[in-house]
Amino acid sequence: MEFQLETAKIIPKENLGEFLEGLKSFGRLVAPVKKKEKFYFSEIDDVSKVDTDYIRTILPPKKFILEYLRERFEYSPEKMEFLETFKPQSQVVFGLHSCDLHGIAILDAVYLKGENPDPRYLAARKETVLIGISCAPDEDCFCISTGTAFPDGTSWDLFFTDIGDSYFISIGSAKGDEIVHSLEQLFKEISKRDLVLYKKVTAEKKYMFKDGNIPDIERISQVIELEFDSEIWDEEAKRCFSCGTCTNTCPTCFCYTSVDVPSLDGSVVKRVEFITSCQYPYYSLVAGGHWFHENLKERFRNRYYHKYVGYPYQIERFGCVGCGRCQHECPAGIRIVDTLKKLRGAGDEEKSGKATDNIHSA
Amino acid sequence: MKKSLEKLLTISTVHDPFKPQKVRIADIEYLAPDHKRFSFVFVDEELNETWSFKPGQFVMLTVPKAGEIPISICSSPTRKGTVELTVRNVGRKTNVLHQMKCGDVLGLRGPYGNSFPVDLMEGHNVLIIAGGLGMAPLRSLVWYVLDKREKYKKVYLLYGTRNYESVLYKDELGRLKSRNDIKCIYILDKVGTEEDKNWTDREGLITSLIPEVDLDPADTYVAVCGPPVAYKFIGAELIKNGYQESKVFVSLERKMECGVGKCGHCQVGYKFTCVDGPIFPLWDTKNLPKMI
Amino acid sequence: MAKPKIGIMYLTSCSGCQCEILNYESALLKLLDIAEIKYFPIGSSANTLDEELDVLFVEGSVSTELDEKMVKKGREAAKLLVAIGTCASFGGVQANNNDVPVEELLETTYGTIDMPFKITKARPLEEVVKVDYKLSGCPVEGKQFVQASAFLLNGIQPFFPKMAVCYECKLSETECRTLQGLWCLGPITNAGCGAPCTSKGLGCQGCRGDHDDPNYMEMVEVLTERALKDKDLINFMKAFRGNYLKEKLKDAGVEL
């Protein structure tokens with residue numbers, strides 16, 4: 001048999017249902033579905049419910065890898081032996097947008113890099129197949145400026161790009177290849193026309209964003225450090241409810257609180273972890289009563305600081321993938337794009353024209 | 001590019017960094033009101049020999065039913081056999097710990113975080129500045145340095161507390177004063193009772209002691225631990241007296257919950273106290289926002 | 001070892017919290033296995049406050065002379081006293097009209113001020129006795145009651161960090177009611193209820209009181225934008241926050 005490296009295939013759209021049905025043999029199927037006006041990732045029984053034409057879900061797909069409420073251990077206070085109760089489940093998450101794939105890649109780095117990788121995250125992640133799909137941005141999307149508008153190949157198995165009557169399928173991993181081969185009859189080889197279309201639609205994406213919706217994040221890490229004491233933080237934070245919606249809907253936020261919950265009779269204790277938010281005052285409260293983020297402004301600023309200064313230091317990339325969930329869901333209507341612009345000084349009168357004449361000719 | 005994912009997903013996790021080991025309380029010493037020192041031994045005896053750490057590191061201690069608390073180790077790795085933790089009764093978990101007795105079994109994992117740069121310090125003077133409960137992690141350093149005394153030049157210990165009652169390790173520190181290989185100066189904020197007078201060398205703030213330390217600042221490493229408010233003043237006084245920012249190390253307190261850089265609670269600036277700290281050079285505390 | 005003794009008392013209230021507890025049968029049975037319920041007038045016929053109780057849960061606000069006597073007696077008998085429900089925690093709905101003299105209220109309601117016992121304004125427990133913990137909610141959340149009991153009976157202080165209702169609302173993937181244009185107090189209200197109202201299509205009514213840092217200024221602004229103004233706005237916001245709302249708004253610098 002001739003060995004051939006395969007990187008892409010074509011699937012006609014009418015085969016999608018059968019493909020989704022076929023995915024079930026690789027684990028439970030998770031995909032976006034519609035609930036009233038909103039979308040959310042859900043376990044799928046009936047594949048006709050899968051909605052490939054969505055903008056964003058309320059919660060990011062991280063909830064299937066890093067559950068919002070989870071149990072770390074169970075122990076008896078008598079014996080003090082810690083038993084893991086988590087059993088990873090094989091699953092295929094279908095229909096992730098590029099931003100969410102990047103979000104998972106960021107969580108991978110947080111949880112798996114370094115000296116102490118988290119075995120539970122690893123177990124869950126190993127059992128998860130990720131299949132992405134191309135998308136069209138709305139007014140809250142800004143992945144084009146965070147560099148996450150396209151999957152970069154580090155965190156997914158298959159990626160579907162809509163080229164009209166078919167999907168152009170990029171194969172990103174051995175697992176992805178295995179899936180394609182197991183359902184071989186649904187796929188076609190790429191034609192020259194398909195490739196031309198693929199190149200065209202991917203190139204078009206960058207023109208789908210409206211300039212006004214794009215934040216200025218050139219050198220934003222440095223700008224945020226320099227503007228640390230700016231009154232812009234006060235202005236923006238004034239409207240903030242500390243409700244934590246921005247972080248709870250964020251695909252890269254990973255903070256959690258761990259609490260030991262004893263049973264009524266005290267014979268068993270569960271170590272429970274729940275996703276939390278740096279926007280809640282208790283988050284930085286230590287025993288003895290000292291708050292390390294002492295007020296609303298500091299908590300508000302902390303989110304930006306961590307996303308654009310902290311993550312780059314910790315995992316060498318921004319902690320923001322431009323999915324727009326935080327600004328889309330914020331009950332106070334605070335827009336991360338606008339805050340960044342204000343910090344960046346865009347909109348200032350000096351902005352138009354060249355900042356300095358002949359800056360490179362001196 | 002594709003490889004990097006596979007590399008991450010094929011790492012093996014031989015040990016679970018979240019899983020505590022069983023430890024038993026071997027000894028409890030009352031130190032001061034609401035302050036006790038607990039000595040722990042591992043139930044798995046082999047660990048008592050193999051488990052090692054460096055001065056300044058911390059552990060996550062599981063108090064049965066109550067949960068995990070981050071505590072600095074106050075014993076020295078040069079003295080194997082027990083792990084000692086000094087704990088103030090200040091919250092819902094430490095409150096339960098303070099009611100526990102010798103023989104009780106708890107969970108312990110770690111050690112975590114970086115340490116005082118004991119290797120860099122070799123061949124130099126060491127100045128140790130402790131305020132209040134800050135003496136706990138520094139006690140580890142004091143004994144480490146004293147047990148490897150030949151590796152270090154002059155050693156100084158400055159220790160300040162509010163009053164005699166709140167002095168930790170009274171007997172031990174009292175005995176240190178009679179040693180000639182370490183110079184100790186103790187200071188109380190306010191001297192009132194007879195007891196106060198017997199203990200202290202001086203009355204006032206710990207910063208007032210720094211000018212009279214007769215060490216060459218250029219040849220001295222400084223280790224500081226104390227209440228958060230003290231760092232600014234101690235740092236400024238050290239700089240004023242010629243000590244170098246890069247050779248001054250402070251131990252910071254934050255809300256560590258996981259100890260391994262996953263839970264986020266201990267973020268300070270762009271660093272995690274639990275993995276990038278808890279020991280930071282003074283330079284960081286000046287340049288990372290809201291560190292001190 | 002002797003079983004811990006607990007009590008459940010009620011003052012001026014609708015008894016809804018106690019019903020919530022009685023309805024939580026599976027947990028109640030477990031509780032009975034490990035603890036002795038010494039005082040629970042609504043659920044038991046043998047009640048005493050003459051023995052020392054380990055934990056006493058109290059529902060309702062202190063609104064009569066009798067309430068005051070009972071809660072003081074309960075406090076003496078109990079090592080730990082836990083306020084359950086919004087009335088016990090902040091006065092509840094009945095504290096809404098605390099700025100109107102009691103006589104006037106009686107006159108309006110009963111046509112007379114002549115009552116068989118003395119009636120006072122509705123006060124939360126902590127204005128009368130020392131309260132160790134508060135579990136707010138209308139009614140108290142059964143699950144939280146059981147968890148609090150588990151913590152307390154094991155000698156651990158309960159841990160319920162105060163987060164906005166938005167936390168649980170978003171976790172249940174409910175569309176934001178505020179953004180939808182509804183009146184919703186979720187952003188300033190303490191979670192722990194599981195956001196049942198918002199997930200059923202209502203706005204949060206704020207029954208659980210404030211979270212750690214409620215932004216009243218912005219809440220008023222957001223509600224005003226949704227055409228809720230003046231007296232209606234106050235009435236909506238104070239339904240469960242009682243008359244204390246006015247002080248809170250003043251502290252937040254809200255001018256109405």
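In what follows, every chain begins at residue 1, and chains take the letters A, B, ... in the order their sequences are listed. Below, each value reflects all heavy atoms present in this structure, side chains not excepted, and no hydrogens, waters or symmetry copies. Small disclaimer: the values here were computed from a predicted structure and weren't measured.
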(message) Please output the residues of residues 26-54 of chain B in contact with chain A, using a heavy-atom cutoff of under 4.5 Å, in numerical order.
(response)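 From residues 26-54 of chain B, none sit under 4.5 Å of chain A.
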(request) Compute whether any side-chain donor of one residue and acceptor of the other, for B:H98 and B:R88, lie under 3.5 angstrom apart. (result)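 Distance-only check fails for B:H98 and B:R88.
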(message) Whether the A:T252 and A:K307 side chains hold a donor-acceptor pair (N or O, under 3.5 Å, no angle test) is what I'd like checked.
(response)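 A:T252 vs A:K307: donor-acceptor pair found between side chains.
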(request) Considering only heavy atoms and a distance below 4.5 Å, find which of A:N116, A:V309, A:V269, A:D229 pairs most often with chain B. (result)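 The option with the most such pairs is A:N116.
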(message) For chain B, which candidate among A:K79, A:E298, A:E78 shows the most heavy-atom pairs at distances under 4.5 Å?
(response)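 Among the listed options, the one with the most contacts to chain B is A:E298.
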(message) Please report the interatomic distance CD(A:E74) to CZ(A:F86), rounded to the nearest 0.5 Å.
(response)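 It is 15.0 Å, given to the nearest 0.5 Å.
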At a heavy-atom separation under 4.5 Å, does [X] approach chain A through its side chain, its backbone, both, or neither?
{"X": "B:D276", "answer": "side chain"}
{"X": "B:V63", "answer": "backbone"}
{"X": "B:T94", "answer": "neither"}

(request) Could you tell me which of B:M256, B:H265, B:Q21 has the largest number of non-hydrogen atom pairs under 4.5 Å with chain A? (result)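 Among the listed options, the one with the most contacts to chain A is B:H265.
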(request) Name the member of B:G264, B:G67, B:C263 that forms the most heavy-atom pairs with chain A at distances under 4.5 Å. (result)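 Option with the greatest count: B:C263.
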Less than 4.0 angstrom from a charged side-chain N to a carboxylate O is my criterion; do [X] and [Y] meet it?
{"X": "A:E273", "Y": "A:R120", "result": "yes"}
{"X": "A:D118", "Y": "B:K262", "result": "no"}
{"X": "A:K270", "Y": "A:D260", "result": "no"}
{"X": "A:E81", "Y": "B:K22", "result": "yes"}

(message) Tell me if the centroids of the rings in A:F318 and A:Y308 come within less than 6.0 Å of each other.
(response)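 That pair passes the under 6.0 Å test.
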(request) Report yes if the side chains of B:T62 and B:R109 come closer than 4.5 Å at any heavy-atom pair, otherwise no. (result)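 No, every pair of side-chain atoms sits at 4.5 Å or beyond.
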Between [X] and chain B, with a heavy-atom cut-off of 4.5 Å, which part of the residue counts as in contact: side chain, backbone, both or neither?
{"X": "A:Y280", "result": "neither"}
{"X": "A:F73", "result": "side chain"}
{"X": "A:Y111", "result": "both"}

(request) Is it possible for you to check whether A:R72 lies under 6.0 Å from the centre of the six-membered ring of B:F18, through NZ or CZ, and within 45° of that ring's axis? (result)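 The answer is yes, since A:R72 meets both limits relative to B:F18.
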